[in-house]
There are 2 protein chains.
Amino acid sequence: MHTTKPRHDTTEGTEGGDAAVGTRDRIVRAAARLLQRQGYEGTGIKQIARDAEATLGSVYHFFPGGKQELAVAAIRHGEQEFADMLRAGLAADDDPAQAVVACTLLLATTLRESDWTDGCPVAATALETVGRAPDIQRACAEAIGHWTDLVSDKLCDGGLAEDTAKELAGATISTLEGAELTAQVLRSEEPLLAAGRHLARLIRTYQ
Amino acid sequence: MHTTKPRHDTTEGTEGGDAAVGTRDRIVRAAARLLQRQGYEGTGIKQIARDAEATLGSVYHFFPGGKQELAVAAIRHGEQEFADMLRAGLAADDDPAQAVVACTLLLATTLRESDWTDGCPVAATALETVGRAPDIQRACAEAIGHWTDLVSDKLCDGGLAEDTAKELAGATISTLEGAELTAQVLRSEEPLLAAGRHLARLIRTYQ
DNA sequence: TACCGGATAGAGCGTTCGCTCTAGTTGTGC
DNA sequence: GCACAACTAGAGCGAACGCTCTATCCGGTA
C-alpha cells in the first residue's frame, strides 16, 4: 500500500514542489516548519492547515489525536531533517574533529540563510512542553538520542573508546543546541563557529 | 468583596516572603517563572495576574505596553536570577575550570529539585519570539551577553588572555544553555555534569 | 448502476486570548 | 476636610483557539 496520495487534487498535476506530495506529508512538513519557528503554543492548527494548503477536516482526518499527535509527527520529521544535515556534515571529513566543525558550518549557513529563524527543529517545542506533554517530550528525547548516536559512531570510527565517544557525543549535541540557540538570539554565526572550534579542540585531546 | 488585598505598599516591605513585596514585583516574578516554564505564547496574562495575586487592572497599570513590555521586564528579572547563580558558582573555586564545574552542579541541583521544569529563564521565550518580537529578543541577547561577561571575567582572573577568555566564555554559556535544555528533555542531570567535565578539560588546555 | 469508505470541506461550538474601559478604593499633600 | 493621583477591581470586546460535526466528493468494487 502506497503512502497516502492526493485523491482529488484540484491543483494542476504539472506543478512541482509540494503539489506532488500527499496531503498528510504536506501537513507534517508545514507543522514541522512552524513548530521550529514559533513553538508549540505559538502555532495554531488552522495556520498549519493554511500553510499546508489543506483543510481542517484533513488535519483531523490524518491526526485524530489532535494537535499533540500532529506535533509528535512533526518532531519526528524534524528529527530526520536534522539527522540528514548531521550525517552530511559528519561525512565531510574523516577526522571527527574536522567533521564536527563541518557540522557547525552547515548549521551556521542554514541559520543565516533563513535570517536566523530556522534553528533546531525541536528545541522550541521541547522547552515549552517539558513536563506538560509527555508524548511530545518523549519524541524530543528520542530525537536527541538519535543525533547523539550519529556523533558517537563517528567518534568511534575515529578511534575513540566507546565510553568516551558516547559521553563526548552527548556533550557535542548539547553544545550544538546551545550554540544554535545563542546564534539565533544574537543574530550571529559566531557562537556556532566558536562552538565548532572548541569542540574540535576538545575532541583532539582524546585522540 | 475580597478579603485579603495587597494595599498600597509599593516599595515598603523589609519582611521576607511575597506578601511584603509590592504588586509590581509580584507580577514580574510570576511572569518570569511562567515564561521560564511555559514560554511566551503558552503563558496568558490572566494566569500571570492570578499567580501574582494581582488583578488584570494592576498588570496593565504597571505595564501599559501589554504582554511584550511585561515579558521584557520578566526576562530582565530572570537574567538577574541566573546571574546570581552564575556568580555563586564561579566564586566557589579560584580555578576557573573548577568554578565552571561548580556552576553545572548548581544548575543540575536546581533543575532536579524543580522536577526538570525550571531551566534557563530566557531560553523558551527567546526561541519562540526570535525574529518576531524585537524588544524581547534584545532583552534576551543582553542577558546572554551579561552572563558571558561574568564567565569571561573569571577566566581572565584565572590568567587567560582577554581574547581567549571572551571566546571561551561565549562557548561556555552556549554549552550551559544546551546542556540545560538536554537535561530537561531527557530528565537527567547527566548532560549538565558531562558539560561541566568537558568544559573544565577544555579550559585547562588554555592554562 | 449502486454503493462504500477514504478524503475533503468548512460552519460552528465553547473557551480563552490580549486588551480596553469604567468604577471603586486608598494614602498623601494642601 | 478635601482634591488628587495612584492603585485595585473586574465586566466585557472582538478575535483566535482546539476541536466536533455534518455534508460532500471521488475512485474502486460489486
Side-chain angles (χ1 to χ4, degrees), chain A residues 1-11 13 18-19 21-28 30-31 34-35 38-74 125 128-129 132-133 135-136, chain B residues 1-13 19 21-28 30-31 34-35 38-74 125 128-129 132-133 135-136:
Chain A
M1 147 175 135
H2 197 270
T3 51
T4 329
K5 54 249 166 239
R7 275 301 169 77
H8 21 100
D9 203 351
T10 51
T11 63
D18 278 0
V21 180
T23 303
R24 203 196 113 105
D25 267 10
R26 289 204 316 277
I27 293 170
V28 171
L34 289 170
L35 287 186
Q38 322 181 124
Y40 184 74
E41 301 286 355
T43 301
I45 290 205
K46 283 175 182 169
Q47 185 186 11
I48 293 172
R50 204 182 317 123
D51 276 32
E53 294 183 87
T55 64
L56 210 51
S58 298
V59 174
Y60 280 96
H61 170 75
F62 289 111
F63 303 96
K67 195 182 184 182
Q68 293 208 9
E69 185 184 343
L70 173 52
V72 169
T125 303
E128 62 182 335
T129 59
R132 304 190 301 145
D135 291 350
I136 298 175
Chain B
M1 308 304 177
H2 275 211
T3 53
T4 61
K5 276 310 133 196
R7 61 243 128 242
H8 248 213
D9 57 350
T10 52
T11 48
E12 197 91 13
V21 178
T23 303
R24 203 196 113 104
D25 267 10
R26 289 204 315 279
I27 293 170
V28 171
L34 288 170
L35 287 186
Q38 323 181 124
Y40 184 74
E41 301 286 354
T43 302
I45 291 206
K46 283 175 182 170
Q47 184 186 11
I48 293 172
R50 203 182 318 123
D51 276 32
E53 294 184 86
T55 63
L56 210 49
S58 300
V59 174
Y60 280 95
H61 170 76
F62 288 111
F63 302 95
K67 195 181 184 183
Q68 292 208 9
E69 185 184 343
L70 173 53
V72 169
T125 302
E128 62 182 334
T129 59
R132 305 190 302 145
D135 291 351
I136 298 174

Next item on the list: Round to a whole Å and report the spacing from NZ of A:K46 to C1' of C:dC17.
Entry: 13 Å
Notebook entry, point to check: At their closest point, which heavy atom of B:A30 faces which heavy atom of B:I48, and how far apart are they?
Noted result: CB-O, 3.9 Å
Notebook entry, point to check: Base, sugar-phosphate, or nothing for B:L56, non-hydrogen atoms under 4.0 angstrom?
Noted result: base
Next item on the list: To the nearest Å, give me how far apart CD (B:E41) and P (D:dC17) are.
Entry: 10 Å
Next item on the list: Could you tell me whether a side-chain N or O of A:K67 sits under 3.5 Å from a main-chain N or O of A:Y40, the two making a donor and an acceptor?
Entry: yes
Next item on the list: Take atom CG of A:L70 and atom P of D:dC17, then tell me their distance rounded to the nearest Å.
Entry: 14 Å
Check: Expressed in angstrom and rounded to an integer, what is the separation of A:F62 atom CZ from C:dA7 atom C1'?
Finding: 6 Å
Checklist line | B:H61 NE2 - D:dC7 P separation (whole Å) | finding: 4 Å
Notebook entry, point to check: Checking side chain to side chain contact (heavy atoms under 4.5 Å, CB included) against A:F62, which of A:V28, A:D25, A:I27, A:L70 comes through?
Noted result: A:I27
Margin query: Just to be sure I understand the rule, does B:G57 reach a base, reach only the sugar-phosphate, or reach nothing, if contact means heavy atoms closer than 4.0 Å?
Written below: base
Note to self: Just N and O in the side chain of B:S58: are any of them under 4.0 Å from OP1 or OP2 of D:dC7?
What the structure shows: no
Next item on the list: Evaluate the criterion side chain to side chain contact (heavy atoms under 4.5 Å, CB included) for residue pair A:Q38 and A:Q47; output intermediate values, then yes/no.
Entry: CA-CA 11 Å; A:Q38 322 181 124; A:Q47 185 186 11; 3.1 Å; yes
Note to self: Students often get this wrong, so: under 4.0 angstrom with heavy atoms, is A:G66 touching a base, only sugar-phosphate, or nothing?
What the structure shows: sugar-phosphate
Next item on the list: Check the distance between D:dC17's P and A:Q47's CD and give it to me in whole angstrom.
Entry: 7 Å
Notebook entry, point to check: Under 4.0 angstrom, heavy atoms only, what part of the nucleic acid is A:Y60 near: base, sugar-phosphate, or nothing?
Noted result: base
Note to self: I need the CD1-C1' distance between A:I27 and C:dA9, as an integer number of Å.
What the structure shows: 13 Å
Next item on the list: Return the nearest nucleotide to the side chain of B:K67; candidates are C:dG12, C:dG6, C:dG18.
Entry: C:dG18
Next item on the list: Considering just the side-chain nitrogens and oxygens of A:T55, establish if one lies under 4.0 Å of OP1 or OP2 belonging to C:dT8.
Entry: no
Next item on the list: Spell out, as yes or no, whether a donor-acceptor pair under 3.5 Å connects the side chain of B:S58 to the backbone of B:A54.
Entry: no
Check: Phosphate oxygens OP1/OP2 of C:dA7: is one of them under 4.0 Å from a side-chain N or O of A:T23?
Finding: no
Item checked: Separation of D:dG18 P from A:F63 CZ (nearest whole Å) -> 15 Å
